[in-house]
Amino acid sequence: MLSFFRRGLARLAIVSLASGLVATGATALAGPAAADGGDQSAGGATARLGGMTDFGRVTIEEKDGSRWSVGSAGLFEMRTGQGGTLSAYCIDLRTGARRDFHYKEVGWDQSSLHNNTDAGKILWVLEHSYPRVAVAELAEKAGAKGLDRSDAAAATQAAIWHFSDEVTATPAAADAKLLTAYLLGRAENLQEPKASLALAPSSVAGRSGGRLGPVTVTTSASAAALSLAPGAPPGARIVDKDGAPVTDAKNGDQVFLDIPAGAPDGSTELTALATTGVPLGRAFVSTDGPSQTLVLAGSSSSAVSAEASASWAGKGPVPAVTVANDCARGGVDVTASNEGDEAWTFDLRDVKYTVAPGETRTVTVPVAEDAAYDFTVTGPNGFEKTFRGVLGCRTAAPGTKPPGKPSAATAGGPATDGPTGSTGSATTGGDLAETGGSGATPMIAAVAAALVVLGAGAVFLLRRKRTARG
């Protein structure tokens, strides 16, 4: 028995050590971060994941011929903080989705679609299927007379999984099969949609007595309202390229912050607000922890916001910092610039970096897949920026199949089955909202914790035994 505990603890130690090395490994230098959605803090829609609204059963066949089924393949509902409603499909089949986790709108480059050559076909499916297109119209086009909302959602999800996870996904309902075949036979690559609202870059710097920027506004709204945070220095203004004051901006407009000469060294925030529908096909990633990546299928009119910070000084270093998930490199790009006349040195995970006057440098911080990160960069004159997020760049690998049946009562819909013919035991599933994926992660964590406790107990008993012998 003791040898069993020792083996279990040793394995746990190895896994923990490997995870730590990936998450905190040596920091690497990288090229400039990508634009349009590449800045993790640039803004956009945020929402909380709810349950499922329309769903049906879908059978999954992997490339190796193995088969398993998903009992609740279909449409998720998300709610924004201002009461708006979003609907979304899964683009990460083998990862569970967590009810009440917070999600953030990002560009494809910061999601599991970053290297998917069929990402544009997923957008085509969204544009030409449910809920964007009425069920009656889809039934006529696909020759599926008995099609209902559940069938339409399951068929659409099955078609999306074909492109997002490279599987053969077949709905159980005959009419749903017809719709999936119709979608797959016509899908073509479309261009990635722009953000609902973003400011890029999200951090600018410069001298007092001049203009800081430009900051480019991207939005699907007709216009976004602009404002400066309370406490901005007297005389500070938001202006256009000609120096004229502006209070709102359209998509593609560039704005600047005009800081008066003699203003005390400091910083402020530029805020953009808009009410708009989020464009179909935008990716949504969890900011609370591992949870499957989603793609937007529908949106009510929702309030969205974006912020950009601005720092200035009369002399010395003047820093600006942005971050972006770098899915190609498997980490987080931290881009630091210095618009001052003296060098600026900052700490990042116990490593010091110096940015010369006029220089911009990007550092890639390695982060494990599905791992959360949280770090702060500081500078002169009270400069401080904290960045938090989760790196979710890859779909789970084939073979990561659900081991059992999470509880439908907490999942918001029927549960996911394990591989066909498996004997995996049932699990409660916690707060799992299901479209693929499983409750395996919390179960594994519980088993690991139990092993640690039992192992500690075994060590205690062994020491008592040795003491008694002595």
Hey, mind stepping through Thr293 and Leu113 against side-chain contact (heavy atoms from CB on, under 4.5 Å) and telling me if it holds? CA-CA 9 Å; Thr293 304; Leu113 298 178; over 6 Å; no
Full working for side-chain contact (heavy atoms from CB on, under 4.5 Å) between Leu179 and Tyr130: CA-CA 10 Å; Leu179 178 54; Tyr130 181 74; 5.7 Å; no
Run the side-chain contact (heavy atoms from CB on, under 4.5 Å) test on Thr376 and Glu384 for me, step by step, so that the C-alpha distance in whole Å, both residues' side-chain angles and the decisive distance to 0.1 Å come before the verdict. CA-CA 7 Å; Thr376 299; Glu384 180 177 290; 3.5 Å; yes
Taking it one step at a time, do Tyr182 and Ser129 satisfy side chain to side chain donor-acceptor pair (under 3.5 Å)? CA-CA 10 Å; Tyr182 168 83; Ser129 194; over 6 Å; no
Before giving the answer on side-chain contact (heavy atoms from CB on, under 4.5 Å), spell out for Leu183 and Trp124 the whole-Å C-alpha distance, their side-chain angles and the decisive distance to 0.1 Å. CA-CA 9 Å; Leu183 296 170; Trp124 188 97; 4.1 Å; yes
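Looking at Asp288, its side chain does come within 3.5 Å of a backbone N or O of His102 through a donor-acceptor pair. Looking only at distances, a side-chain donor or acceptor of His114 sits under 3.5 Å from a matching main-chain atom of Cys393. Looking at Thr180, its side chain does come within 3.5 Å of a backbone N or O of Ala155 through a donor-acceptor pair. The main-chain N or O of Glu62 is never found under 3.5 Å from a side-chain atom of Trp68 such that the two would form a donor-acceptor pair. In this structure a side-chain-to-backbone donor-acceptor pair under 3.5 Å is present from Glu369 to Arg394. With hydrogens and angles ignored, the 3.5 Å screen pairs no side-chain donor or acceptor of Arg98 with any backbone N or O of Pro290. Under a 3.5 Å cut-off, the side chain of Gln157 and the backbone N or O of Cys90 do form a donor-acceptor pair. Listed for the Ser87 side chain is a donor-acceptor partner under 3.5 Å among the backbone atoms of Gly298. Formation of a donor-acceptor pair under 3.5 Å by the Gln292 side chain with backbone atoms of Thr95 is found in this model. A donor-acceptor pair under 3.5 Å links the side-chain atoms of Asn338 to the main chain of Val355, judged by distance alone.
Annotation for Tyr89 and Gly74: closest pair CD2-O, 3.3 Å, computed over non-hydrogen atoms. Between Phe76 and Ala97, the shortest heavy-atom contact is CZ-CB, 3.9 Å. When all heavy atoms are compared, the tightest approach of Ser164 to Asn116 is CA-ND2, 3.7 Å. Nearest heavy-atom pair, Val390 versus Asn325, reported as atom, atom and distance to 0.1 Å: O-ND2, 3.3 Å. Thr117 and Asn189 get closest at one heavy-atom pair: O-ND2, 3.3 Å. A pairwise comparison of heavy atoms in Leu270 and Leu199 identifies O-CD1, 3.9 Å as the closest pair.
Phe387 places a side-chain heavy atom less than 4.5 Å from the side chain of Val321. Side-chain atoms of Arg349 and Val365, non-hydrogen and from C-beta on, do get closer than 4.5 Å to each other. When side chains are defined from C-beta on, Met78 counts as touching Leu294, because their heavy atoms get closer than 4.5 Å. Counting heavy atoms from C-beta on, the side chains of Asp333 and Val363 never come closer than 4.5 Å. Counting heavy atoms from C-beta on, the side chains of Thr170 and Glu61 never come closer than 4.5 Å. Proximity of Thr247 to Leu226: side-chain heavy atoms (C-beta onward) are nowhere separated by under 4.5 Å. Looking only at side-chain heavy atoms (C-beta outward), Glu192 and Arg282 come within less than 4.5 Å of each other. Leu257 is listed as a side-chain neighbour of Leu228, based on a closest heavy-atom distance under 4.5 Å.
A donor-acceptor pair shorter than 3.5 Å cannot be found between the side chains of Asp54 and Ser150. Between the side chains of Ser69 and Thr59, no donor-acceptor pair of N or O atoms lies under 3.5 Å. In this structure, a donor-acceptor pair under 3.5 Å is present between the side chains of Asp64 and Ser66.
The environment of CG in Asp242 is crowded: more than 12 heavy-atom neighbours from other residues, nucleotides or ligands sit within 6.0 Å. The environment of CZ in Arg211 is crowded: more than 12 heavy-atom neighbours from other residues, nucleotides or ligands sit within 6.0 Å. By the 6.0 Å contact criterion, CD on Glu140 is open, its count of non-hydrogen atoms from other residues, nucleotides or ligands being 12 or less. The number of heavy atoms from other shown groups lying within 6.0 Å of CD (Glu166) does not exceed 12.
Thr276 pairs with exactly one of Ser301, Ser196, Ser220 by the side-chain hydrogen bond (donor to acceptor under 3.5 Å, both in side chains) rule, that one being Ser220. Of the residues listed (Asp175, Asp151, Val133), the one engaging Leu138 in a side-chain contact (heavy atoms from CB on, under 4.5 Å) is Val133, and it is the only one.
Using bins of under 30°, 30° to 60° and over 60° for the plane-to-plane angle, the ring pair Phe383/Trp344 lands in the perpendicular bin.
With rounding to the nearest 0.5 Å, the separation of CG in Leu184 from CZ in Arg186 is 10.5 Å. The distance from atom CD1 of Ile91 to atom OG1 of Thr395, rounded to the nearest 0.5 Å, is 9.5 Å. Summarising the geometry, atom OH belonging to Tyr373 is positioned 11.0 Å from atom CZ belonging to Arg388; distances are rounded to the nearest 0.5 Å. Note that NZ of Lys104 and OG of Ser111 are 13.5 Å apart. Values are rounded to the nearest 0.5 Å. To the nearest 0.5 angstrom, Phe256 atom CZ is 13.0 Å from Ile238 atom CD1. Note that CG of Leu147 and NZ of Lys177 are 14.0 Å apart. Values are rounded to the nearest 0.5 Å.
Applying the side-chain hydrogen bond (donor to acceptor under 3.5 Å, both in side chains) test to Asp240 and every residue at least two apart in sequence or in another chain returns nothing.
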